[in-house]
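Take a look at the structure set out below.
Note on naming: letters A, B, ... go to the chains in the order of the sequence lines (proteins, then strands), and numbering restarts at 1 for each one.
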Number of protein chains: 2
Amino acid sequence: MESSFAIIAEPNRRAILSLLAVSEQSVGEIERRLRMPQTSVSKHLRVLRNAGFVESRVDAQRRLYRLRPEPLQEVDAWLAQFRRFWSTHVDALERHLDRIAEREPKKGKVR
Amino acid sequence: MESSFAIIAEPNRRAILSLLAVSEQSVGEIERRLRMPQTSVSKHLRVLRNAGFVESRVDAQRRLYRLRPEPLQEVDAWLAQFRRFWSTHVDALERHLDRIAEREPKKGKVR
DNA sequence: AGCGTATATGCTCATCAGGTCATATGAACG
DNA sequence: CGTTCATATGACCTGATGAGCATATACGCT
């Protein structure tokens, strides 16, 4: 389970991360909110901790988990190479639509 | 193989996507550039096409593959919920360091 | 038609990850 | 100190998936 991408491939882990994005949570809280067996929550948290996505803090018998930003930033960095492509793609689409609009001004459907 | 996240969990598929981010490529070109067996490239491309990451165009015996933006944008949208957290986290860290610096000016270790 | 090139598909195998159940650890509190 | 609450860990099973190999399809050229 090396890459950060593999970690967030799992839907339950994404749900946990989304929860933690709001605020620090205990295992029990996650368990209740996601209606997921405690043992499963603990295992996913372990994976997330090993991969650096979360860190835990002890509060009596509870462990409070909070997010750590680095791995998600890594994913974000990988996505960056495609952002350039998105805009040019959108531009191309717009130009395409413009061409159609110029060539076929028959239908007056344009508001 | 539902989610876009599962698709990009595979390293070879990420490599293919990165290649296509530069420009349209044929299967053979991908095969050579990534030094990956053709049959494997074709299979990954199939997965990518089914998930909407790429589309193909026919050029004689070749198939030219190009990127499609939507699924990656979906991933980007999911990441958005954490961006807020990144900045506040950096701020918190800075405030924390500031507090330490003010409270413990004993050790002259600070440059 | 026949051959070479380019790509796709089907099959088998091995691996791995997640769910579940049982159980262990560990702290709080009477 | 024994019980209860909160969390972690280990074992087993099962399903999914990627690699590799063989083969199929399809186009172009002579």
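The phosphate of dT17(D) has neither OP1 nor OP2 within less than 4.0 Å of any side-chain N or O from His44(B). In terms of phosphate contacts, Arg13(B) brings a side-chain nitrogen or oxygen within less than 4.0 Å of OP1 or OP2 of dG18(D). Checking the phosphate oxygens (OP1, OP2) of dA6(D), no side-chain nitrogen or oxygen of Tyr65(A) falls inside 4.0 Å. Checking the phosphate oxygens (OP1, OP2) of dT7(D), no side-chain nitrogen or oxygen of Arg46(A) falls inside 4.0 Å.
Across all strands shown, Ser42(A) has heavy atoms under 4.0 Å from base atoms, whether or not it also approaches the sugar-phosphate. As judged by a 4.0 angstrom heavy-atom cut-off over every strand, Ser26(B) is placed among residues touching the sugar-phosphate backbone only.
Computed from coordinates, the Arg57(B) CZ to dA6(C) P distance equals 17 Å when rounded to whole Å. For the pair Leu45(A) CG and dG19(C) P, the interatomic distance rounds to 13 Å; values are reported in whole Å. The separation between Gln61(A) atom CD and dA8(D) atom C1' is 14 Å, rounded to whole Å. A straight line from CZ of Arg62(A) to P of dC29(C) spans 12 Å, rounded to a whole angstrom. Whole-Å rounding puts the Gln25(A) CD to dA6(D) C1' distance at 15 Å. Per the geometry, CG belonging to Asp59(B) stands 13 Å off P belonging to dC27(D), to the nearest Å. Between the C1' atom of dA8(D) and the CG atom of Leu48(A) lies a distance of 15 Å, rounded to the nearest Å. As rounded to whole Å, 13 Å separates atom P of dG18(D) from atom CD1 of Ile8(B).
Shown here are the salt bridge (charged side-chain N to carboxylate O under 4.0 Å, His left out) partners of Glu74(B), two or more places apart in sequence or in another chain: there are none.
Side-chain atoms of Arg62(B) do not come within 3.5 Å of backbone N or O of Gly28(B) as any donor-acceptor pair. Using a distance-only test at 3.5 Å, with no hydrogens or angles considered, no donor-acceptor pair links the side chain of Arg49(B) to the main chain of Val54(B). Of the possible polar contacts, none joining the Arg66(B) side chain to the Glu55(B) backbone as a donor-acceptor pair under 3.5 Å is found. Glu10(B) places no side-chain N or O within 3.5 Å of a backbone atom of Ile7(B) that could act as its donor or acceptor partner. A donor-acceptor distance shorter than 3.5 angstrom exists from the side chain of Arg14(B) to the backbone of Ala9(B), with no hydrogens or angles considered.
A donor N or O paired with an acceptor N or O is not found under 3.5 Å between the base of dA6(C) and the side-chain atoms of Gln38(B). For a distance-only test at 3.5 Å, the side chain of Thr39(B) qualifies as a donor-acceptor partner of the base of dT9(C). With hydrogens and angles ignored, no donor-acceptor pair closer than 3.5 Å exists between the side chain of Glu10(A) and the base of dA17(C).
Within residues 14-23 of chain B, no residue has a heavy atom under 4.0 Å from DNA chain C.
Of the candidate nucleotides dA8(D), dT20(C), dG19(C), dT20(C) has the atom nearest to the side chain of Lys43(A). For Asn12(B), the side-chain atoms get nearest to dA19(D) when compared with the rest of dG28(D), dA19(D), dA8(C).
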> Under the side-chain contact (heavy atoms from CB on, under 4.5 Å) criterion, do Trp86(B) and Leu67(A) qualify, and how do the steps go?
Replying inline: CA-CA 10 Å; Trp86(B) 297 345; Leu67(A) 264 189; over 6 Å; no
Show me the donor-acceptor pairs within less than 3.5 Å that the side chains of residues 36-47 of chain A make with the rest of the protein, sequence neighbours left out.
from	atom 1	to	atom 2	distance (Å)
Gln38(A)	NE2	Ser42(A)	OG	3.0
His44(A)	ND1	Arg13(A)	NH1	3.3

